[in-house]
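In what follows, every heavy atom counts, from backbone to side chain, and hydrogens, waters and symmetry copies are set aside.
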Amino acid sequence: MPKHYPKMFSKPKSWLSGSIWRPKNPHSLEHLKFLYNLLCKNQTVTEQNRALLVETLRSISEILIWGDQNDSSVF
């Protein structure tokens with residue numbers, strides 16, 4: 001039976017928990033490349049990878065917006 005945590009102490013949802021390597025800086029060019037590779041490996045949307053792909057696209061958008069405002073090397 002899973003433990004129930006209060007909302008402020010809830011375990012983070014790790015959509016990449018099975019990955020071997022992930023860049024530490026979520027707004028880096030390396031992380032953008034990592035996310036791009038995830039998209040390349042999952043070109044067909046299925047029920048099993050739908051959440052992963054949605055989160056990947058959301059993260060890519062976040063990096064691009066952050067990069068536009070803070071670090072031009074992302075582009």
Test side chain to side chain contact (heavy atoms under 4.5 Å, CB included) applied to Leu32 and Leu64, step by step = CA-CA 8 Å; Leu32 182 61; Leu64 293 176; 4.2 Å; yes

Hydrophobic cluster membership, Val54 vs Tyr36, 4.5 Å side-chain cutoff = no

With distance as the sole test, does Asn42 use its side chain to make a donor-acceptor pair with the main-chain N or O of Asn49 at under 3.5 Å?
-> no

Flag, side chain of Gln43 to backbone of Cys40, donor-acceptor distance under 3.5 Å | yes

Which heavy atom in Ile63 sits nearest to a heavy atom in His31, and how many Å separate them?
-> CD1-ND1, 4.0 Å

Shared hydrophobic cluster, Ile65 / Leu29 (ILVMFWY, side-chain heavy atoms < 4.5 Å) = no

If we only count heavy atoms from C-beta on, is the Ile60 to Leu39 side-chain gap below 4.5 Å?
-> yes

Once you round to the nearest 0.5 Å, how far does CZ of Arg58 lie from CG of Leu35?
-> 9.5 Å

Walk me through it: do Glu30 and Lys33 pass the test salt bridge (charged side-chain N to carboxylate O under 4.0 Å, His left out)?
-> CA-CA 5 Å; Glu30 290 78 23; Lys33 290 177 184 178; 5.6 Å; no

Do any N or O atoms from the side chain of Asn70 and from the backbone of Trp66 form a donor-acceptor pair under 3.5 angstrom?
-> yes

